[in-house]
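All remarks here apply to the structure that follows.
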Amino acid sequence: MSPENFHSRAKELFLETCNLEDEERGRVLDRECTGDSILRREVEELLAHDLDPAGTEPGSPPDRIGSYRLLQKVGEGGMGEVWEAEQLGPIRRRVALKLVKWGMDTREVLARFESERQALALMNHPNIATAHEAGSTEDGRPYFAMEFVQGVPITEYCDGHRLNTRERLALFREVCDGVQHAHQKGILHRDIKPSNILVAVEGDRPLPKIIDFGVAKAVSQRLTERTLFTELGQWIGTPEYMSPEQAELTGLDVDTRTDVYSLGVVLYELLAGAQPFDAKELRTAGFDEMRRRICEDEPPRPSTRVSSLGDRSQIAADHRRTDINGLAR
């Protein structure tokens with residue numbers, strides 16, 4: 001493995017395991033670092049650097065950043081964290097405040113962060129979360145405030161409200177409108193999945209909102225003045241929803257079709273109640289086998305997938321106000 005690929009792989013494993021409990025983290029490292037003690041030691045050093053000796057994150061944000069009062073943390077990844085916050089002026093409103101985690105302000109992370117800020121600034125669509133303002137904390141960490149979407153993932157919303165197929169398609173069509181708007185602005189999302197499509201109720205109707213353009217890519221323009229190196233050899237996106245072009249790791253053939261592919265996986269899950277490839281089986285297969293399956297294996301037809309779910313078939317049918325035979329059709 002070349003030094004570049006080694007460091008890319010170590011970073012991928014760090015991002016995959018940094019938010020896991022110790023026991024689960026150990027299982028993932030046992031599986032992914034089998035026979036490679038050097039890689040495991042590198043990942044463990046990254047994880048140790050991410051926490052102070054007491055096991056708490058250093059550099060916790062203050063109660064207030066600029067005109068925003070932080071209320072509670074609502075999301076966290078390997079590089080950034082998202083807070084529900086209250087803007088105190090000049091407009092009083094609830095926002096989502098996204099900022100780079102302490103100690104993660106590397107050139108690559110800052111470039112991605114700036115790309116996300118710029119991508120959101122370029123777009124104006126009811127099905128995409130709106131960006132409000134950008135700035136930096138006193139310790140130099142960049143942040144931006146955006147629309148706070150008080151919703152749940154689209155799959156959870158549809159199942160919880162027992163939407164039938166026609167109702168699910170109507171909601172999904174709005175998601176497609178939002179993705180099309182991003183593409184018209186020259187922005188690829190590259191990580192479309194249910195948790196990045198939140199459904200909130202506005203008035204008396206559900207409204208899906210696409211969030212998290214953290215790995216977005218510009219098709220025809222430069223999003224940031226910082227150098228954002230190509231992700232050659234890096235894993236960009238979420239395996240269960242990833243297109244074969246993304247899984248190839250070259251990034252050379254990734255265009256708007258990769259988002260359309262991911263939309264297809266979301267639609268498959270909305271209709272059939274399961275993903276084309278079982279998430280647990282896919283992720284336990286190992287990195288290379290996971291890539292091979294995404295690139296080479298033909299996903300089963302939704303009707304075939306439904307019939308293979310066992311007891312889950314009846315649950316999926318109930319969530320869609322139909323029976324198993326109707327769902328298969």
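Predicted, not measured: the structure shown is a model, and the values here were computed from it.
Through direct or relayed side-chain contacts under 4.5 Å between Ile, Leu, Val, Met, Phe, Trp and Tyr, V306 connects to L327. Hydrophobic side-chain contacts under 4.5 Å tie L20 into a cluster, directly or through other members, with V28. In the hydrophobic clustering, V149 connects to L198, I211, either directly or through intervening members, whenever side-chain heavy atoms lie under 4.5 Å apart. Hydrophobic side-chain contacts under 4.5 Å tie L309 to no other Ile, Leu, Val, Met, Phe, Trp or Tyr residue.
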CA sep, side-chain torsions, deciding dist, call: R27, D30, salt bridge (Lys or Arg N to Asp or Glu O under 4.0 Å): CA-CA 5 Å; R27 286 198 297 268; D30 287 343; over 6 Å; no
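Residues passing the side chain to side chain donor-acceptor pair (under 3.5 Å) test with R94, sequence neighbours excluded: E84. Partners of L271 by side chain to side chain contact (heavy atoms under 4.5 Å, CB included), not counting sequence neighbours, listed by chain and number: T165, L169, L267. Every side chain to side chain contact (heavy atoms under 4.5 Å, CB included) that L207 has, sequence neighbours left out, goes to N127, E174, E202, R205, K209. Every residue two or more places apart in sequence or in another chain that forms a side chain to side chain contact (heavy atoms under 4.5 Å, CB included) with V201 is listed here: Y157. Taking the side chain to side chain contact (heavy atoms under 4.5 Å, CB included) definition, one finds that E296 meets it with R292, sequence neighbours left out.
Under the 4.0 Å criterion applied to side-chain N and carboxylate O atoms, D159 and R168 are assigned as salt-bridge partners. Residues K193 and D191 are paired through a salt bridge, judged by an N-O separation under 4.0 Å between the basic side chain and the carboxylate. Under 4.0 Å is where a charged nitrogen must lie from a carboxylate oxygen, and between E86 and R92 at least one such pair does.
Pairs of residues two or more places apart, or lying in two chains, that qualify as ring pair (Phe, Tyr, Trp, His ring centres under 6.0 Å) and include a residue from residues 125-148 are F113-F144, H125-H181. Applying the salt bridge (Lys or Arg N to Asp or Glu O under 4.0 Å) test to residues at least two apart or on different chains, the pairs with a partner in residues 275-284 are E240-R283. Within the structure, every pair that satisfies the side-chain hydrogen bond (donor to acceptor under 3.5 Å, both in side chains) test and touches residues 262-272, not counting sequence neighbours, is listed here: Y241-E269.
Between A272 and A316, the shortest heavy-atom distance links the atoms O-CB, 4.0 Å.
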